[in-house]
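Below: the structure, in structure tokens.
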Amino acid sequence: MNYEFLSRTFLFQGTSPEETKHMLSCLKATPQSYAKGSTIWQVGDQVKTMGLVLNGSVHIENIDMMGNKSILNRIAPGQVFGETYACIPGEKLLIGVTAAEDCQILFLEVGKIFHTCPDTCPCHEKLIRNMLMVMAKKNLELSRRSLHTAPKSIRGRLLSYFSQEMVQQGSSQFMIPFNRQELADYLGVDRSALSNELGKMRKEGIIEVNRNQIHYLERV
């Protein structure tokens with residue numbers, strides 16, 4: 001286990017690798033590996049743990065009764081998922097979690113975070129504070145996606161998402177974490193229609209596209 005890496009994550013920030021190692025035993029941490037495309041959790045599951053991505057990435061997905069899928073979020077190394085459901089005993093998942101690539105997940109018992117362990121870890125207060133910050137950050141990310149899917153046009157949704165990435169990455173040239181199908185799922189549009197719109201924006205000199213790299217050329 002890479003305790004140096006874990007101590008730098010949002011959940012364990014402010015703790016030393018040694019303190020992180022001690023807390024993992026309190027939280028009954030269990031690592032698990034998944035192959036790309038594997039189902040980690042599915043709609044209807046009840047969970048008591050949250051997952052922390054050690055390597056690889058996972059997608060949080062919504063799948064309707066007709067089998068249509070939309071990607072709500074991508075969880076990268078160092079980020080967590082499932083914390084909200086794990087905080088509510090008996091709550092059934094309304095979302096699915098799938099391995100976007102080969103990945104390793106560390107599962108942590110959320111109940112152990114909000115109840116001080118018998119050893120009274122001196123860093124437990126930091127963990128609780130970090131957990132609240134993680135949950136607030138997740139709510140913000142979901143709010144951002146709502147903003148991206150609010151425009152009626154595909155171009156409007158693309159420009160909303162690209163604008164966010166430019167601000168976050170501090171450059172008009174930026175990388176996105178999705179392939180073409182995943183981007184369509186994230187924005188809630190048809191893949192072919194998305195590709196057509198990207199092609200139009202490229203011809204109009206608005207953007208340049210090279211796989212996952214976008215160069216935003218002008219304001220529109």
Side-chain angles (χ1 to χ4, degrees), residues 1 6-7 9-15 19-20 22-34 37-100 103-121 123-150 177 185-186 188:
M1 190 74 66
L6 287 171
S7 67
T9 64
F10 279 111
L11 185 61
F12 293 105
Q13 64 182 340
T15 63
E19 290 173 325
T20 300
H22 178 71
M23 283 192 292
L24 289 183
S25 63
C26 296
L27 300 175
K28 295 185 178 180
T30 305
Q32 181 70 46
S33 297
Y34 294 90
S38 299
T39 298
I40 299 173
W41 290 336
Q42 59 186 356
V43 174
D45 285 349
Q46 297 180 33
V47 299
K48 295 181 179 179
T49 61
M50 67 177 183
L52 188 155
V53 180
L54 296 176
N55 54 65
S57 61
V58 305
H59 283 159
I60 309 301
E61 302 173 341
N62 176 53
I63 303 176
D64 63 23
M65 295 180 65
M66 302 299 293
N68 299 310
K69 180 179 69 175
S70 60
I71 297 176
L72 303 179
N73 204 355
R74 173 183 179 271
I75 310 301
Q79 298 179 332
V80 301
F81 62 89
E83 68 283 351
T84 302
Y85 285 97
C87 286
I88 308 175
E91 188 72 18
K92 293 183 178 180
L93 294 180
L94 297 178
I95 49 87
V97 182
T98 302
C103 60
Q104 186 177 36
I105 311 298
L106 185 67
F107 291 100
L108 310 166
E109 288 196 14
V110 171
K112 300 291 184 180
I113 295 178
F114 295 109
H115 294 85
T116 305
C117 63
D119 294 334
T120 314
C121 301
C123 47
H124 207 103
E125 183 178 342
K126 292 180 184 178
L127 185 60
I128 294 175
R129 183 172 64 249
N130 290 345
M131 182 68 174
L132 293 175
M133 291 180 64
V134 165
M135 296 178 77
K137 187 174 183 294
K138 278 297 202 49
N139 286 334
L140 181 59
E141 290 172 352
L142 289 175
S143 296
R144 286 171 179 159
R145 182 180 183 272
S146 296
L147 291 175
H148 302 331
T149 56
D185 291 340
Y186 179 72

>> Whether the side chain of N139 engages the backbone of A136 through a donor-acceptor N/O pair (distance < 3.5 Å, no angle test) should be reported.
In response: no
>> For a quick test of reading the model, state the closest non-hydrogen atom pair linking C103 to G56 and the distance between them.
In response: CB-CA, 3.8 Å
>> Quick one, Q79 with T9, criterion side-chain contact (heavy atoms from CB on, under 4.5 Å). Give me CA distance, side-chain angles, the key distance, then yes/no.
In response: CA-CA 7 Å; Q79 298 179 332; T9 64; over 6 Å; no
>> Could you go through I95 and I60, starting from their C-alpha distance and side-chain angles, then the distance that decides it, and tell me whether this counts as side-chain contact (heavy atoms from CB on, under 4.5 Å)?
In response: CA-CA 7 Å; I95 49 87; I60 309 301; 4.0 Å; yes
>> Which heavy atom of A76 sits nearest to which heavy atom of S57, and what is that distance?
In response: CA-CB, 4.4 Å
> About how many Å separate OG of S70 and CG of L72, when rounded to the nearest 0.5 Å?
Replying inline: 5.0 Å
> Can a cation-pi geometry be assigned to R145 and Y186, taking NZ or CZ under 6.0 Å from the six-membered ring centre and within 45° of the ring axis?
Replying inline: yes
> Tell me, do E141 and R74 make a side-chain contact under 4.5 Å, heavy atoms counted?
Replying inline: no
> So K112 and C26, side-chain contact (heavy atoms from CB on, under 4.5 Å) or not? Walk me through it.
Replying inline: CA-CA 7 Å; K112 300 291 184 180; C26 296; 5.8 Å; no
> Under 3.5 Å, is there a donor-acceptor pair between the side chain of Y85 and the main chain of G90?
Replying inline: no
>> Checking side chain to side chain contact (heavy atoms under 4.5 Å, CB included) between I105 and each of V58, V97, N55, which is the one that passes?
In response: V58
>> What I'd like to find out is whether the side chain of T15 reaches to under 4.5 Å of the side chain of M23, using heavy atoms alone.
In response: yes
>> Can you tell me if K48 has over 12 outside heavy atoms packed within less than 6.0 Å of its NZ?
In response: no
> Does a side-chain heavy-atom distance below 4.5 Å link E91 with Q46?
Replying inline: no
>> Students often mix this up, so state it plainly: with edges at 30° and 60°, are the rings of W41 and F107 parallel, tilted or perpendicular?
In response: tilted
>> For a 4.5 angstrom cut-off between non-hydrogen side-chain atoms, does Q42 reach D45?
In response: yes
> Between the main-chain N or O of L11 and the side-chain N or O of N130, is there a donor-acceptor pair closer than 3.5 Å?
Replying inline: yes
> What distance separates N73 CG from E61 CD, expressed to the nearest 0.5 Å?
Replying inline: 11.5 Å
> From K126 NZ over to I128 CD1, what is the distance, rounded to the nearest 0.5 angstrom?
Replying inline: 13.0 Å
> Would you say L24 and L108 make side-chain contact, with heavy atoms under 4.5 Å?
Replying inline: yes
>> Nearest 0.5 angstrom please: M135 CE to F10 CZ, how far?
In response: 15.5 Å
>> Side chains of E109 and T49 only: does a donor on one sit below 3.5 Å from an acceptor on the other?
In response: no
> L27 and V110: side-chain contact (heavy atoms from CB on, under 4.5 Å), yes or no, with the steps?
Replying inline: CA-CA 8 Å; L27 300 175; V110 171; over 6 Å; no
> Does a side chain donor of either T39 or T98 reach within less than 3.5 Å of an acceptor in the other side chain?
Replying inline: no
> Hey, does Q13 have a side-chain heavy atom less than 4.5 Å from the side chain of M133?
Replying inline: yes
> Can you check whether M1 reaches L54 side chain to side chain, under 4.5 Å on heavy atoms?
Replying inline: yes
>> Which heavy atom of Q104 sits nearest to which heavy atom of P31, and what is that distance?
In response: NE2-CB, 4.0 Å
>> How close do C87 and P89 get, counting heavy atoms only, and between which atoms?
In response: O-CD, 3.4 Å
> Would you say K138 and E83 make side-chain contact, with heavy atoms under 4.5 Å?
Replying inline: yes
